[in-house]
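Letters A, B, ... mirror the listed sequences (proteins, then strands); counts begin at 1.
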Amino acid sequence: MLLVLVGLWVGQNVNMLPVAASSNAPLYDQLFTVLFVIGTILFLGILGLLLYSLIRFRRKEGDLGDGVAVEGNLQLEIFWTAVPAVVVLFVGIYSYDIYDRMGGMIPLSDPHAMHGGMAMESAATGPSDSMPPGMVMAANVPSAVEGAEVRTWGGIGGSPGSSSGALPVDVTALQFAFLFHYPEGDFISGELHVKAGQQVELRMEARDVIHAFWVPEFRLKQDVIPGQPTILTFTPTRAGSYPIVCAELCGPYHGGMRSTVVVHEPDAFDAWLDQNRPATVASAASGLSATG
Amino acid sequence: MTTLSPSTDSLPAVAGDAAPVLEEGHGDYRMFGLATFLLADGMTFAGFFAAYLTFRAVNPLPAGAIYELELILPTINTALLVLSSFTFHRAASELKQERMGRCRWWLLVTASLGFAFLGGQMVEYFSLPFGLTDNLYASTFYALTGFHGLHVCLGALMIMIVWWQARQPGRFTPSEHFGLAAAELYWHFVDVIWLILFGILYLL
Amino acid sequence: MTLALPPTASSAPPSLQPEGWLRYLSFSLDHKVIGLQYLVTGFIFYFIGGALAGMIRIELVSPMSDFLQRDTYNEVLTLHGTVMIFLWIVPVVNGAFGNYLIPFYVGARDMAFPRLNAVAFWLIPPAGILLIASYFIAGASQSGWTAYPPLSLTTPAAGQVVWILSVLLLGGSSIFGGINFIATVLKMRRPGLKMMQLPMYCWAMLGTSFLVVLATPVLAGTLVLLSFDILAHTGFFNPALGGNAVVYQHLFWFYSHPAVYIMVLPAFGLVSEILPVHARKPLFGYTTMVYSILGIVFLGLIVWAHHMFTSATPPWMRLFFTIATAFIAVPTGIKFFNWLATLWGGKIALNSAMLFSCAFIVHFVFGGITGVALAQVPFDIHVHDTYFVVAHFHYIVYGGTVFVVFASLYHWYPKFTGRMLNEDMGRLHFTLTFIGFNLCFAPQHWLGLNGMPRRVAEYDPQFTLVNQISSVGALLMAISTLPLLINVIWSAFRGPMAGDNPWNALTPEWLTSSPPPVENWKGPAPLVTHPYGYGVPEGQIDLKGASGKELWTSGS
Ligand code: HEA
Ligand code: HEA
Ligand code: CUA
Ligand SMILES: [Cu+2]
């Protein structure tokens, strides 16, 4: 019981995480607390048991006898099979729930694309005149996807455009930088600027090798894999600047591949957006020369 | 493969198949070892198959890429290989009846079928409209069939060695013929792998 | 007597092999010689890997990339990971102790295939030398021990190819070893010895060897494909050529997750041998221990994708792998509670072997709990590829397996050499290692949670202090190897004689002279049906009412 109390206290009072700045960060922190409490209880319990045994059952100087010959105890063994099983099941279900609330369980892309490859058979046939018909097989490997419809491979938050009202940003990761392209305004920025409270939909693609987009304060990470467009949606909640870190080894300058995400208050964001529209930038430049 | 196990010839006759562990004894575990090795080898293929099936499920053929397989030659090849499993079995049963001449003849037939298979595969390779690096499926096709072909090649060579060894009288006896038995197990294994390969590469 | 040898040879076996210390440098077929060859080679590579770790930690003292070039840093960390896993842990817990102990435990005079055994060992030095040499000749691989494409396709090819070659050789060695262990345990048991009477280490090695045989070939095949991509410009894993980079990850982890159990199951087995001896009690729950090993082997094969939660895997896959992974805690937990119950009510000798074993329990439970946390997708999404993961696995591989290697060294050294190690030096070694280890890796959890990614030579200056603490810990660990080395070398010549059975143990390796004769026993092999038959019957010792109920109410 004491153990449980200590565990709960530790979970409540030891804060090991950076500030929470997105809508799923509090969910994450909730999960973290639960895991931390359970972990602390288990660890301290086992540690205590071990230390107690080591002290209590130390061999006395000169005592050459043996301990008791207990070879097992079925009830006990069942008990300590069941307890971890229950704990693990609980944790699993709980974290599933959290993940669902973070949007992680929304099916990616359209179901058609998952099996589309198998269904589509190439109609191209080879030089069939030299062989009896039917013996030449165009290998029915998934053929080139005809349309422009791009498949989304992974991420959090579903297929493109699934969340209406979200701010779309195209992210390109390359050695060694992130580029953020804003379709609304058609310009490219080296920093990510978003509006507090508005959902953001990152459509990510990599040019060369695998990178990973990570914002510790958002508790979000997504690999950006060449050839596999990926979606990441989230809602920032707290204004401020936070680091964007590349978390997947991508070459010598992997450690330097960082950027910043700036979460603006709503009107500040609109101002920023206006400022950066190519048209505005041009006029701002001329304005600058006029005043300066 | 057999070369990994201690040489065949030096085993005292008592420690043959039938001799289990005596108090000081050491039975013959080479077949067991070979079977374990084939399990490992099979996992290599399993990895390749899994990769191929995953590619198929998720990676479309790039636009304009050519990947066509014809079916006649591979079907004939399959038949040859299946047949060779039976001929090898025949060779082994001739040995059990101590008809060494026939045993060797059937071994030769088996090896020839193996080489015929390899020849057929060569013909197929040269007549295909795509090369190793043309596209993902082409590469996978060559990797899978090539790796299997390597096995057939090794197996056929092994059979030739066994065939050569069988010339010595008394080298293989009905009760003691590890070299031949090992080659046979290996050959059947290669055959089964081919059937799976044929199924997923050509028929699926 | 090894009947796989020609009969002429078996009539005069020793004369064919060099004797004295020279035999340790020869193609010896004696399982004990091979075991020690593995052990010494492994320790040499441990020092090399440790020196590399030292370079990592020196670089990370400051947030800038100053001590090492950025690409050199990546080479160093790749070599560190590869050396530590493939040339230190795997050869030592499998090869060294497996070869030395398994034939004793099954009551045999050698392994099933002595020649294959020697081949397996002699693949290791050339592979290791090749790997290290690549650093000096062409520049080592820079893509981490995971060698994810497309990065591994774009970094300098020479180093990457040498890396592949060397890992293939080591994988081959490991497979040959696995085949040998399976055959020895299943087929070479002394007549009258049943499976359920074997010491636990045999079961652990059996399970491990199955993992080796089932998983390692997949890695081999994958690396061959990767080398095609590099050398022949095929596009299996190269998205630019229409390939799929994530398939590589699946195949890689299909091996490399089981590999982590290949690194830890034998250690579990070794602990199961050490604890009963020094606690003077039978191993608690033999049967459940066996089943939990089998359970870990099975589950271990179906959880690989927990390394890929952020790799654009579909949701159902993440869900499945979360649950499967977390369930490994159940069989593993059984083992830990059984060990605690083994200690409970014993007469524990707190010597170096015991101290290291108990520290193993502490560290592994800690690392296991962070592991179960990592298995939860939402949790992992934040900390994947950060120092939290680095901390997790060092707690397990170092705090777990390496501690067990040290414990085993203290436990079996008298058998290997016939002399005792110095106990005070041993405790000094333990204290330094224990403090150094925790100082080095505990703070890394915090680093990961707060935003420090792994595999970086430069980092956000806010993390400087914690990294420096961690580096001090690494320094302590480096210093702690001194008492170990001095102890091992000095005791080999000057240590007090151990006698045949200094610990009064019951397992068969102690029922012969130390060091044992060439064919293990002078007379017939003993039949040991109760390897853990310690202890006086219940009731003769008053446990002051320490009932099972109390045991667990104080536990959770
Ligand atoms: C010997 C090596 C070893 C072992 C045994 C383990 C054991 C476990 N590991 Fe670990 N792991 C590694 C070595 C190891 N790991 C390495 C090297 C990496 C990084 C690879 C890389 O990327 O370079 C890694 C990475 C890694 C990841 C990926 C992290 C990431 O990259 O994002 C995950 C995620 O699930 C994970 C989980 C686990 C789990 C659940 C266990 C479980 O087996 C642990 C089970 C044990 C216990 C839980 C403790 C005892 C149990 C009890 C006392 C019962 C009660 C407990 C509960 C109810 C919780 N590990
Ligand atoms: C069994 C495996 C094992 C072991 C034992 C260790 C042991 C250690 N490891 Fe390592 N480690 C890995 C496996 C292991 N590691 C793996 C798999 C990775 C991932 C690689 C990757 O990302 O690809 C990794 C990565 C890794 C990192 C992260 C690097 C990064 O991501 O940027 C760090 C950083 O602190 C680290 C530190 C250490 C330290 C300080 C030790 C210490 O415990 C070492 C202690 C030992 C010594 C200090 C030896 C003392 C001897 C000497 C000093 C002799 C000197 C000799 C001469 C100079 C000739 N390791
Ligand atoms: Cu980009 Cu690391
Ligand atoms: Cu794993």
Worksheet item: Side chain, backbone, both or neither: which part of A:E248 has a non-hydrogen atom closer than 4.5 Å to chain C?
Response: both
Worksheet item: What residue, out of C:P378, C:A279, C:S311, has the most heavy-atom pairs lying under 4.5 Å from chain A?
Response: C:P378
Worksheet item: How long is the span from the CG atom in C:D385 to the CH2 atom in A:W214, to the nearest 0.5 Å?
Response: 9.5 Å
Practice prompt. Anything under 30° is parallel, anything over 60° is perpendicular, the rest tilted; go ahead and classify A:Y28 against C:H382.
Written response: perpendicular
Worksheet item: Hey, mind stepping through C:W446 and C:Y387 against ring-ring contact (aromatic ring centres under 6.0 Å, His included) and telling me if it holds?
Response: CA-CA 8 Å; C:W446 183 87; C:Y387 264 83; over 10 Å; no
Discussion item. Less than 4.0 angstrom from a charged side-chain N to a carboxylate O is my criterion; do A:K221 and C:D380 meet it?
Written reply: no
Discussion item. I need the residue from A:A212, A:G256, A:A247 with the largest number of non-hydrogen atom pairs under 4.5 Å to chain C.
Written reply: A:A247
Discussion item. For the backbone of A:E77 and the side chain of A:T81, can you confirm whether one donor and one acceptor N or O come within less than 3.5 Å of each other?
Written reply: yes
Practice prompt. Check for a donor-acceptor pair, side chain of C:K281 on one end and backbone N or O of C:G533 on the other, with a separation under 3.5 Å.
Written response: no
Practice prompt. Under 4.5 Å heavy-atom distance to chain C, tell me which part of A:E217 shows up: side chain, backbone, both or neither.
Written response: neither
Practice prompt. Determine the option with the most heavy-atom pairs under 4.5 angstrom with chain C, choosing from A:V87, A:L31, A:L50.
Written response: A:L50
Fill in: Most contacts with chain A, counted as non-hydrogen pairs under 4.5 angstrom, among C:D71, C:N450, C:T342
C:N450
Worksheet item: What part of C:I348 is in contact with chain A, defined as an atom under 4.5 angstrom from a non-hydrogen atom: side chain, backbone, both or neither?
Response: both
Worksheet entry | Aromatic plane relationship, C:F379 with C:F388 - under 30° parallel, 30 to 60° tilted, over 60° perpendicular | perpendicular
Discussion item. Go through it in stages, so that I can follow the logic: the residues are C:H384 and C:F309, the test is ring-ring contact (aromatic ring centres under 6.0 Å, His included), and I'd like the CA-CA distance, side-chain angles, deciding distance and then a yes or no.
Written reply: CA-CA 8 Å; C:H384 170 70; C:F309 284 148; 8.5 Å; no
Worksheet, complete the sentence: When the 4.5 angstrom heavy-atom criterion is applied to C:A240 and chain A, the contacting part is neither
Fill in: Part of A:L47 within contact of chain C (heavy atom distance under 4.5 Å)
side chain
Fill in: Winner by heavy-atom pair count (cut-off under 4.5 Å) against chain C, out of A:S95, A:P84, A:S53
A:S95
Item to complete: Measure C:Q462 against the heavy atoms of chain A and call it side chain, backbone, both or neither at under 4.5 Å.
Response: neither
Fill in: Interface moiety of C:P149 toward chain A, non-hydrogen atoms closer than 4.5 Å
backbone
Worksheet item: According to the interplanar angle, ranging from 0 to 90°, do the rings of C:Y459 and C:F463 count as parallel (below 30°), tilted (30 to 60°) or perpendicular (above 60°)?
Response: tilted
Fill in: A:V171 and A:E205: CA distance, side-chain angles, deciding distance, side chain to side chain contact (heavy atoms under 4.5 Å, CB included) verdict
CA-CA 6 Å; A:V171 182; A:E205 227 167 340; over 6 Å; no
Worksheet entry | Residue part contacting chain A, namely of C:L151, when any heavy atom lies under 4.5 Å | both
Worksheet item: Between A:D223 and A:H211, is a side chain to side chain contact (heavy atoms under 4.5 Å, CB included) present by the stated rule, with each step listed?
Response: CA-CA 6 Å; A:D223 284 9; A:H211 303 268; over 6 Å; no
Worksheet item: What part of A:Y94 is in contact with chain C, defined as an atom under 4.5 angstrom from a non-hydrogen atom: side chain, backbone, both or neither?
Response: neither
Fill in: Most chain A-contacting option - heavy-atom pairs closer than 4.5 Å, from C:T288, C:V365, C:L343
C:T288
Worksheet, complete the sentence: If you tally heavy-atom pairs under 4.5 Å between each of C:F336, C:F327, C:Y532 and chain A, the highest tally belongs to C:F327
Worksheet entry | side-chain hydrogen bond (donor to acceptor under 3.5 Å, both in side chains): pairs with one or both residues in residues 146-156 of chain C, sequence neighbours excluded | C:T146-C:R455, C:Y148-C:W253
Worksheet item: chain A heavy atoms under 4.5 Å from C:T386: which part of the residue, side chain, backbone, both or neither?
Response: side chain
Discussion item. Using the side chain to side chain donor-acceptor pair (under 3.5 Å) criterion, which residues pair with A:Y242? Sequence neighbours excluded.
Written reply: A:R238
Practice prompt. Name the option with the most non-hydrogen atom pairs under 4.5 Å to chain A; the candidates are C:M452, C:H445, C:H278.
Written response: C:M452
Fill in: Closest-packed option against chain A by number of heavy-atom pairs under 4.5 Å, given C:T287, C:N338, C:N238, C:T322
C:N338
Response to the item:
If one checks every heavy atom of A:L35 against chain C at 4.5 Å, the contacting part turns out to be side chain
Worksheet entry | Contacting region of A:V224 [heavy-atom separation from chain C under 4.5 Å] | neither
Item to complete: With a 4.5 angstrom heavy-atom cut-off, could you sort out which part of A:R258 is near chain C: side chain, backbone, both or neither?
Response: side chain
